[in-house]
Trainee: 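Quick one: the structure is below, questions incoming.
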Amino acid sequence: MKEPIILGIESSCDDTSAAILQGQKILSNVIASQDVHKKYGGVVPELASRAHQQNIIPVIHQAIEQAGISKKDISAIAITRGPGLLGSLLVGTSFTKGLSLGLNIPILEVDHLQAHILAHFIDMSMPMPEFPFLCLTVSGGHTQIVKVSDYFEMEIIGKTIDDAAGEAFDKTAKILGLGYPGGPQIDKLSKLGDENRFIFPMPKIEGLDYSFSGIKTSFLYFVRDELKKDELFIEKNKNDLAASMQKLIIDILMGKLKRASRETGIKQIAIAGGVSANSGLRDAIKQGEKLHQWKTYIPEFQFTTDNAAMISIAGYFKYLKKEYLGIDFVPYARALHRQ
Ligand code: KG4
Ligand code: ZN
């Protein structure tokens with residue numbers, strides 16, 4: 001039997017993306033990032049919706065063209081239903097409804113966070129995680145340790161009680177006067193800095209949960225006080241400040257992940273989400289192979305930040321189960337609550 005061809009569409013935040021997968025093999029993955037938010041230092045929801053509206057048709061055309069298929073070859077459309085910005089999600093979901101009616105093909109609903117995890121099952125001729133595995137999902141909006149027992153059997157065993165890890169990177173960058181998104185810039189500067197130069201206190205949170213708002217505040221106050229003594233403090237110490245904060249965020253992430261592995265006895269460890277692009281975090285996870293006998297799974301760069309290939313693969317597993325969505329569905333903005 002020929003494998004189904006799934007068109008995936010992602011529009012939950014500030015990337016408009018469309019991808020075509022045949023079975024687990026990727027045929028195309030087109031991403032239009034929105035530069036319009038840069039000057040505001042963060043995503044502006046109204047502008048994001050407008051940019052999605054402009055980008056969505058060209059991006060889908062390009063994905064179909066690059067895949068070398070025609071519209072009528074598509075078996076089903078996988079769409080991010082949530083969580084995300086409602087106005088952004090509405091663009092993708094409304095377009096999907098129209099296309100599904102036009103082509104007379106089913107819709108597959110995808111949860112954005114599950115999709116980040118399922119990106120590990122895109123066939124890149126690399127080993128894939130075996131169930132059960134732990135996945136540290138770290139993005140601009142979420143930080144979770146997920147126990148993955150099957151494609152859609154996922155249990156969140158630890159999560160942030162305030163900011164996400166990506167936000168900690170972005171806010172550090174903002175304090176240092178770097179652009180948005182800050183994560184990649186902190187990553188770059190960290191390579192040139194001394195990560196042991198500045199020591200900030202680790203948050204003390206029970207169990208497997210995280211907290212990142214305290215470190216942001218102590219970093220902000222520290223920099224503010226130093227600037228009073230020397231107005232060039234940031235300029236003179238930028239690399240060391242970036243490296244020290246990056247190390248702190250990674251130490252926090254790794255601490256709870258190690259504990260989760262110890263407590264569950266699971267040594268198959270994956271990472272997912274935008275922050276999994278961070279070179280320091282990737283190294284720290286990899287070191288777990290030697291230090292804790294982990295088998296680790298680190299996504300290719302193109303599947304770390306938001307992309308539609310991960311939506312297509314999640315949709316593919318739903319397609320196999322014939323789990324289609326009725327045309328009257330609405331998106332959901334928040335994880336779990338579906339509202
Ligand atoms: O998964 P994602 O693309 O979007 C959300 O679903 O939130 O994650 C975006 C986040 C941003 O906070 C960005 O700063 C962070 O991922 N990020 C990084 C790196 N690349 C992206 N953080 C640290 N180091 C990086 N190299
Ligand atoms: Zn994401």
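Atoms within each ligand, like the ligands themselves, are counted from 1 in listed order. Excluded from the calculations below are hydrogen atoms, water molecules and symmetry mates; all remaining heavy atoms, backbone and side chain alike, are included. Everything numeric here is computed off the predicted structure, so don't read it as measured data. The residues of the chain are indexed from 1 along the displayed sequence.
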Trainee: Just heavy atoms, cut-off under 4.0 Å: does Thr305 contact ligand 1 by side chain, backbone, both, or neither?
Mentor: both
Trainee: Starting from atom 22 (N) of ligand 1, locate the nearest protein heavy atom and write down its residue, its atom name and how far away it is, to 0.1 Å.
Mentor: Gly183 CA, 3.3 Å
Trainee: In the protein, which heavy atom is nearest to atom 17 (N) of ligand 1, and how far is it?
Mentor: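 Sorting protein heavy atoms by distance from atom 17 (N) of ligand 1 puts Gly274 O, 3.5 Å first.
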Trainee: So that I can tick it off, tell me whether Glu109 and Arg81 are bridged by a salt bridge, with the cut-off set at under 4.0 angstrom between side-chain N and carboxylate O.
Mentor: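 Counted as a salt bridge, because a side-chain N and a carboxylate O are separated by less than 4.0 Å.
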Trainee: May I ask you to identify the nearest protein heavy atom to atom 24 (N) of ligand 1, giving residue, atom name and distance to one decimal place in Å?
Mentor: Asn278 ND2, 3.0 Å
Trainee: Out of Ala165, Pro184, Gly273, Ser279, who is nearest to atom 19 (C) of ligand 1 when you count heavy atoms only?
Mentor: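 The nearest heavy atom belongs to Pro184.
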Trainee: Are Gln66 and Ser28 linked by a side-chain donor-acceptor pair shorter than 3.5 Å?
Mentor: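 The answer is no; no qualifying pair exists.
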Trainee: Counting each atom of ligand 1 from 1 as listed, which ones have a heavy atom of Gly140 under 4.0 Å away?
Mentor: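 In order of number, 5 (C), 7 (O), 8 (O), 9 (C), 10 (C), 12 (O).
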Trainee: Starting from atom 26 (N) of ligand 1, find the nearest protein heavy-atom neighbour and note its residue, name and distance.
Mentor: Asp187 OD2, 2.9 Å
Trainee: Can you give me the NE2-the Zn ion (ligand 2)-NE2 angle for His116 and His112, to 10°?
Mentor: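 Seen from the Zn ion (ligand 2), NE2 and NE2 are separated by roughly 90°.
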Trainee: For the residue pair Thr80 and Glu10, confirm or rule out a side-chain donor-acceptor distance under 3.5 Å.
Mentor: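 Yes - a donor-acceptor pair under 3.5 Å links their side chains.
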Trainee: Identify, for atom 4 (O) of ligand 1, the protein heavy atom at the shortest distance, and state residue, atom and that distance.
Mentor: Asp306 OD2, 3.2 Å
Trainee: Salt bridge check, Lys286 against Asp283: does any charged N sit closer than 4.0 Å to a carboxylate O?
Mentor: no
Trainee: Parallel, tilted or perpendicular: which one describes the rings of Phe222 and Phe233, with boundaries at 30° and 60°?
Mentor: perpendicular
Trainee: Which of the atoms of ligand 1 are close to Gly166, meaning less than 4.0 Å from one of its heavy atoms?
Mentor: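 What qualifies from ligand 1 is 12 (O).
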Trainee: Using 4.0 Å as the upper bound for N to carboxylate O, is an ion pair formed by Lys247 and Asp251?
Mentor: yes
Trainee: Please check if Leu27 and Val59 belong to a single hydrophobic cluster, counting links between Ile, Leu, Val, Met, Phe, Trp and Tyr side chain heavy atoms closer than 4.5 Å.
Mentor: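 Leu27 does not cluster with Val59.
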Trainee: Under a 4.0 Å heavy-atom limit, does His116 contact ligand 1 with its side chain, its backbone, both, or neither?
Mentor: side chain
Trainee: What atoms of ligand 1 come within less than 4.0 Å of a heavy atom belonging to Gly141?
Mentor: 7 (O)
Trainee: Where the side chain of Gln268 meets the backbone of Glu130, is there a donor-acceptor pair that is under 3.5 Å apart?
Mentor: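 Checked: pair present.
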Trainee: Between the side chains of Ser211 and Asp162, is a donor N or O closer than 3.5 angstrom to an acceptor N or O?
Mentor: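 Indeed, the side chains of Ser211 and Asp162 share at least one donor-acceptor pair under 3.5 Å.
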Trainee: Within ligand 1, which atoms have a heavy atom of His112 less than 4.0 Å away?
Mentor: 6 (O)
Trainee: So that I know where these two stand, are Phe121 and Tyr316 an aromatic pair - ring centroids less than 6.0 Å apart?
Mentor: no
Trainee: Name of the Asp306 N, O or S atom nearest the Zn ion (ligand 2)?
Mentor: OD1
Trainee: Within ligand 1, which atoms have a heavy atom of Ser139 less than 4.0 Å away?
Mentor: 1 (O), 5 (C), 6 (O), 7 (O), 8 (O)
Trainee: Given Asp15, Asp170, Thr80, which has its nearest heavy atom closest to atom 12 (O) of ligand 1?
Mentor: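 Among Asp15, Asp170, Thr80, the closest heavy atom to atom 12 (O) of ligand 1 belongs to Asp170.
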